[in-house]
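First up is the structure itself, then whatever we jot down about it.
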There are 2 protein chains.
Amino acid sequence: MTAIDPDEPLARRVTLDDVGRRAGVSRATASRSLSDDPRISVATRAAVKQAATDLHYVPNIAARSLRAQRTKILGLLLANLSDPVHGQIAAAFEQEAWRSGYQVLFAAGLQEVELERKALRVFTEHATEGVAMVSSVMSPAEAQTRVRPGRLMVGQPDHERVGRYRGPLTPGVMMTDDASGVDQVVDHLVGLGFRDIAYVGSGTRASSTVHREAVGVALERHGISVNLDRFPSPDDAWRRCDEIAPLIAADLPEALVCYEDVQALALMDSLRRVGVRTPDDVAIVGFDGILFAEISSPRLTTVRTPLAELGQLIAASLIEAISTGALPDARVLPVELVVRESAQPARSVVASSANG
Amino acid sequence: MTAIDPDEPLARRVTLDDVGRRAGVSRATASRSLSDDPRISVATRAAVKQAATDLHYVPNIAARSLRAQRTKILGLLLANLSDPVHGQIAAAFEQEAWRSGYQVLFAAGLQEVELERKALRVFTEHATEGVAMVSSVMSPAEAQTRVRPGRLMVGQPDHERVGRYRGPLTPGVMMTDDASGVDQVVDHLVGLGFRDIAYVGSGTRASSTVHREAVGVALERHGISVNLDRFPSPDDAWRRCDEIAPLIAADLPEALVCYEDVQALALMDSLRRVGVRTPDDVAIVGFDGILFAEISSPRLTTVRTPLAELGQLIAASLIEAISTGALPDARVLPVELVVRESAQPARSVVASSANG
DNA sequence: CAAGGTTGCGCAACCGATTGCAGCGACGGT
DNA sequence: ACCGTCGCTGCAATCGGTTGCGCAACCTTG
């Protein structure tokens with residue numbers, strides 16, 4: 001350990017008084033000069049600014065926001081910081097906030113309602129001007145009661161509504177059009193000739209429930225009825241794939257719809273190790289469109305969701321809501337099926353087309 | 001747009017005065033009660049606490065830190081929030097901070113010294129009690145001058161020192177033992193029988209330079225001398241692999257050492273598309289040990305670096321430095337070679353062992 | 001030269017908490 | 001009945017900015 005000056009708990013910072021003193025004016029004038037108040041003469045303003053840079057003056061945001069009642073801080077509560085999906089959203093959110101001069105307080109990886117409540121409380125303590133929630137376990141409805149009205153953006157499927165497909169969405173909700181994505185996936189699979197389709201989701205993520213339902217609905221549209229709980233959905237979507245792979249191998253469906261890319265990729269690997277090859281033995285599709293789905297082997301057929309755009313949109317909407325005082329309507333961002341190699345035409349289709 | 005009450009720019013929050021009034025005591029007593037000051041009678045304390053919960057009182061951190069000169073805020077400046085490597089570090093850092101009651105302000109994806117300077121300034125404005133920097137483009141030396149002495153942790157290779165292999169490290173530097181990792185990789189490759197080894201790095205990341213140098217040194221130890229700039233290093237390590245893959249295919253080395261896993265994975269894919277198979281035609285090794293290296297096909301031989309541990313360590317060290325006032329010595333976390341499928345014994349070795 | 005207008009700046013209150021110090025009431029001792 | 005003590009609270013200053021209001025000096029105009 002290298003000792004540092006212990007008697008300097010917090011080296012006194014240069015304050016506006018110091019700056020004013022050096023420039024020979026009062027603190028008030030110093031403050032006004034730095035904010036370019038036209039009532040202060042140009043000469044004085046220049047002198048103050050000079051003094052400020054000489055002294056390396058840095059304003060104290062805490063003091064400012066105490067008086068001005070503006071903190072320029074946003075809160076972002078999200079499921080995870082380290083997975084590709086949420087990482088992208090968080091990064092885009094942070095970037096957009098930064099560009100508008102806002103700082104972001106994060107609360108990630110909580111996974112429990114009680115912890116999320118505490119996080120929201122901390123946000124309030126720091127007087128965040130707005131809060132965004134992405135893939136929280138807390139319901140948006142509860143969050144509404146804990147955040148100042150009109151200052152909450154929700155970046156996740158609205159379970160209540162999406163489950164029923166396109167009901168009116170709560171203002172402030174921003175999401176990718178997962179329902180459409182699922183439709184496209186199922187249409188694609190059915191078009192490829194598959195009928196025996198199974199689903200593997202996440203036991204914990206609420207959006208997985210939405211997904212599974214959507215898959216069921218889409219399949220029904222095609223007159224296909226399957227047991228969507230044929231295989232267990234691991235709690236953590238992509239862990240423990242080694243445990244369910246044998247189950248799948250023992251009761252192999254034609255195609256597998258996965259909750260997310262990471263899971264699809266992990267499952268492909270686990271299956272490979274029990275001798276099931278993709279796409280030869282089974283077709284697999286993912287969801288999200290992360291980078292690794294692009295460079296895996298086989299490359300993964302998936303739904304590309306505009307994650308960065310979503311993060312940016314959430315931040316921009318929040319900031320706009322703060323400045324205009326109007327809560328933006330919900331937004332649903334379009335998604336796009338990306339056909340790659342992990343799902344090939346079913347043998348039956350290949351055979352019949354060879355016959356025909 | 002849904003209008004919300006425009007005349008409520010910032011609904012007045014409940015203050016200690018309100019709590020005190022309701023409990024029939026002064027603000028001072030209310031404050032003391034909430035912090036369980038023994039000088040206040042138990043009855044009064046209970047009454048105040050009751051009033052506080054009744055009123056949903058939430059303290060104002062800005063006011064508190066103004067007076068108490070403690071913000072309980074940390075700053076984390078890092079290269080990127082959305083890649084698996086930095087995402088893991090950031091997530092672990094945030095978790096550890098949260099556990100100690102600290103909030104984290106992020107500045108990510110800046111990539112320019114000027115922007116990083118501004119970020120550090122913003123941190124100062126918010127009176128962060130400590131700052132950590134991971135993979136910054138700014139030199140740690142400069143950062144030292146911009147952060148309060150003893151309140152900076154650097155989570156990246158110290159170019160000056162590591163380039164020279166194990167010189168004394170600057171206090172406050174925490175890093176994974178990349179030099180050892182590179183040694184292990186090279187030893188492994190050479191042990192597998194490879195001699196014609198090439199390197200592909202990143203044009204922008206400073207740590208890539210360190211890596212490349214380390215590879216050269218390690219090879220020299222084995223009496224192998226190669227041109228480490230045989231192939232161009234793309235700016236963004238994993239983008240544009242499609243552009244260099246043809247070059248590699250046209251001048252195929254026996255083995256390829258990559259700067260990081262993401263790049264190795266991307267390169268494997270690009271090479272596959274120009275007809276070069278891994279590990280049959282070329283051996284590839286990565287670095288970092290991200291999840292996807294574990295589930296790729298072929299699974300990637302790489303060096304596992306304790307990223308989460310690093311993030312946690314940085315945060316814990318920073319917090320300790322804040323409370324004890326002593327700057328921790330540098331720490332170098334051990335890394336571990338993980339042998340998987342992307343690098344198989346060289347044909348020559350296989351042949352000779354078959355002969356022998 | 002006086003009245004009215006500008007211009008440029010300072011005084012002091014305020015934001016919401018923390019905290020040193022002082023005061024007040026009750027109680028015991030004599 | 002008076003005084004000292006102790007326990008419990010309140011007063012007021014303080015942190016570092018922002019801002020309404022007022023004031024002085026200077027300039028213009030009749």
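Below, each value reflects all heavy atoms present in this structure, side chains not excepted, and no hydrogens, waters or symmetry copies. On a predicted model such as this, the values are computed, not experimentally measured, just so you know.
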Checklist entry - If you look at every heavy atom in A/Thr29 and A/Thr44, which pair is closest and at what distance? => result CG2-CG2, 3.8 Å
Checklist outcome for this item: Closest heavy-atom pair, B/Pro328 versus B/Ser317, reported as atoms and distance to 0.1 Å, is CG-CB, 3.9 Å
Item to check | Rounded distance [0.5 Å steps], CZ in A/Phe106 versus CD in B/Gln103 | outcome: 12.0 Å
Item to check | Distance, nearest 0.5 Å, that separates CD of A/Gln312 from CZ of A/Arg99 | outcome: 6.0 Å
Item to check | Bending between helix ends of the helix from C/dC1-D/dG30 to C/dT30-D/dA1 [5 pairs per end, 10° resolution] | outcome: 60°
Next on the checklist: Between C1' on C/dT19 and CD on B/Gln69, what's the gap in Å once rounded to a whole number?
Outcome noted: 13 Å
Checklist entry - Would you say the side chain of A/Thr124 lies within less than 4.5 Å of the side chain of B/Arg13, judging by non-hydrogen atoms? => result yes
Item to check | Separation of D/dC15 P from A/Asp17 CG (nearest whole Å) | outcome: 9 Å
Next on the checklist: Below 4.0 angstrom, which residues in residues 36-47 of chain B have at least one non-hydrogen atom near DNA chain D?
Outcome noted: B/Arg39, B/Ile40, B/Ser41, B/Thr44
Next on the checklist: Just verifying a value: how many Å separate A/Arg146 CZ and A/Arg117 CZ, rounded to the nearest 0.5 Å?
Outcome noted: 5.0 Å
Next on the checklist: Can you measure A/Arg13 atom CZ to D/dT14 atom P for me and round it to whole angstrom units?
Outcome noted: 20 Å
Checklist entry - Do A/Lys118 and A/Glu114 sit within salt-bridge range, that is, some charged N less than 4.0 Å from a carboxylate O? => result no
Next on the checklist: Could you check whether B/Arg70 pairs with B/Glu129 (Lys NZ or Arg NE/NH1/NH2 to Asp/Glu carboxylate O, under 4.0 Å)?
Outcome noted: yes
Item to check | Atom pair OG (A/Ser82) and NE2 (B/His86), whose distance is rounded to the nearest 0.5 Å | outcome: 13.5 Å
Next on the checklist: Counting only heavy atoms not in A/Arg45 (residues, nucleotides, ligands), do more than 12 fall under 6.0 Å from its CZ?
Outcome noted: yes
Item to check | Whole-Å gap separating P (C/dA17) and NE2 (A/His126) | outcome: 14 Å
Every protein N/O lying under 3.5 Å from an N/O of nucleotides 11-14 of chain C:
residue, atom, partner, partner atom, Å
C/dC14, O2, A/Arg67, NH1, 2.9

Checklist entry - Of A/Leu66 and B/Thr29, whose nearest nucleotide on DNA chain C comes first from the 5' end? => result A/Leu66
Item to check | Nucleotide C/dG16, atom P - distance to CG of B/Asp18 in whole Å | outcome: 9 Å
Next on the checklist: Would you say B/Ser31 places a side-chain N or O within less than 4.0 Å of OP1 or OP2 belonging to C/dT18?
Outcome noted: yes
Next on the checklist: Which heavy atom of B/Leu105 sits nearest to which heavy atom of A/Val104, and what is that distance?
Outcome noted: CD1-O, 3.6 Å
Item to check | Distance below 4.0 Å between A/Tyr57 side-chain N/O and D/dG16 OP1 or OP2 | outcome: no
Checklist outcome for this item: Taking for B/Ala63 and for A/Ser35 the nucleotide of DNA chain D with the nearest heavy atom, the one nearer the 5' end belongs to B/Ala63
Checklist outcome for this item: From CG of A/Leu55 across to P of D/dG17 the rounded distance in Å is 12 Å
Checklist entry - Can you check the B/Leu16 CG to D/dA12 P distance for me, whole Å? => result 18 Å
